[in-house]
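Beneath this line is the structure, given in structure tokens, with notes to follow.
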Amino acid sequence: VTALTDTRAIERLFADYAFHLDMNQPDALAALFTGDCEVSFSPGSDLVGRENLRKRLDGIGTYFAATSHHISNIAIDFAGDDMADVRAVLFACHRYRDSRPDGLLYGQYRSRVVRLDAQWRFHYHRLLTTMSTSFHIEIGHPIGRSD
Amino acid sequence: VTALTDTRAIERLFADYAFHLDMNQPDALAALFTGDCEVSFSPGSDLVGRENLRKRLDGIGTYFAATSHHISNIAIDFAGDDMADVRAVLFACHRYRDSRPDGLLYGQYRSRVVRLDAQWRFHYHRLLTTMSTSFHIEIGHPIGRSD
Amino acid sequence: VTALTDTRAIERLFADYAFHLDMNQPDALAALFTGDCEVSFSPGSDLVGRENLRKRLDGIGTYFAATSHHISNIAIDFAGDDMADVRAVLFACHRYRDSRPDGLLYGQYRSRVVRLDAQWRFHYHRLLTTMSTSFHIEIGHPIGRSD
């Protein structure tokens, strides 16, 4: 039962992540990460630490008119009582404030989550790009698909 | 274990909701709601009661050639043994019977579900619109994104 | 608890299915099926047996530059301790190696999964097509939507 309850809590972490992102709530979003988190959304944009992540998130509100993040196919492998590796699939639509067409992103998340103070948080979080259309980030981290 | 079983049953309620919608089965769809349900898909279209909802659903078959509802990011907060508030994310594609382009909808559901006769049902159900493309409903309920 | 654990394992089977498909890992993908599986992605393409499925999967790598499969709305009905019928919804984007536009597929999976050697696998797996755009398979199995 513990593993099942933890599984639900980790799925909820991903749901809250998408929610705070789409609601443009950078404080609540950053609070889902550990203080020493390592985060990367694209090559050359590695972020270390919740404070640095928090600053980066400030741009969301002015850059996008709206975003919608749809997370599915969540696969969780526990690596101890308080640690798990998570793989998930993302479909996201980004509407820009200027007149560009919507940016569509098809990707994967690869994350390590840890339990701190009875709360699951992201310790490591990386977005991989399967493909995209009209997206402002031209080169994402590859998923490593076989040729 | 009870909470976990109820969580599964509530997720199943959302899966069945999408299924009956996409299969154009208005009777089975309406049966997922309480008799005194409150439902709103857009401003000015509030519906009260399962019978009124049932009548509204009659138009689905003739208006759409096909719909596909993809529900993810389901977050459930119990408000007692037989009641829960649910937040979920929707991506839906609507193909119209006329030659319009497909209507794409990115939204959120905000629902209150209750257990009646050992069956979870929608008591309150509201669709919020994050953004849309070529959708026949021009103005949806806002999600309340921060500026 | 057993049913809940099995439910998680079956959801994981679908997540792994999508993962190996998108990563172009036909061996790992075929290993998710029983030796005597029955699989059909479109009318006239019925496959019987894991070996025949495995051969068909060889084309994925050369035909697609990328695919992204998003599976949600998973509904599981157990038909015994070691068997379950599963309904799920699929949104998939296919990027072709030539210059065609991306193929978008909105569909449903109807599957029967069985437990063999403590591992859940697909015994029967069928893709139904709700609608599609620019997809290379023009006629899919219908979902059976009411008129």
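Atoms considered below: every heavy atom in the structure, side chains included; atoms not considered: hydrogens, waters and symmetry mates. Chain naming here is simple, since letters A, B, ... match the order of the sequence lines and numbering starts at 1 in each.
When all heavy atoms of A15(C) and N73(A) are compared, the closest pair comes out as CB-O, 3.8 Å. Closest approach of V89(A) to S68(C), counting heavy atoms only: CG1-OG, 4.3 Å. Minimum interatomic distance between M23(C) and I143(A) (heavy atoms only, all atoms of both residues): CE-O, 2.9 Å. Nearest heavy atoms, R12(C) versus I76(A): NH1-O, 3.4 Å.
At a heavy-atom cut-off of under 4.5 Å, chain A is reached by D102(C), L104(C) from residues 99-114 of chain C, listed in order of number.
Heavy-atom distances place no part of Y17(C) under 4.5 Å from chain A, backbone and side chain included. Both the backbone and the side chain of I60(C) come within contact range of chain A, judged by heavy atoms closer than 4.5 Å. Heavy atoms closer than 4.5 Å to chain A are found nowhere in T62(C), neither backbone nor side chain.
Heavy-atom neighbours of D147(A) CG from other residues, nucleotides or ligands within 6.0 Å: at or below the threshold of 12.
For the set S72(C), A18(C), A65(C), the entry with the most heavy-atom pairs within less than 4.5 Å of chain A is A65(C). Heavy-atom pairs under 4.5 Å with chain A were tallied for F91(C), F14(C), F19(C); the largest tally goes to F19(C).
Taking the side chain as every heavy atom from C-beta outward, D22(C) and R145(A) never approach each other to under 4.5 Å. Residues R87(A) and D16(C) have side chains in contact (heavy-atom distance under 4.5 Å, counting atoms from C-beta outward).
To the nearest 0.5 angstrom, R8(A) atom CZ is 6.0 Å from R8(C) atom CZ.
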Could you tabulate the donor-acceptor pairs under 3.5 Å formed by side-chain atoms of residues 133-140 of chain C, not counting sequence neighbours?
| residue | atom | partner | partner atom | Å |
| --- | --- | --- | --- | --- |
| T133(C) | OG1 | R95(B) | NH2 | 3.1 |
| H136(C) | ND1 | Y96(C) | OH | 2.8 |

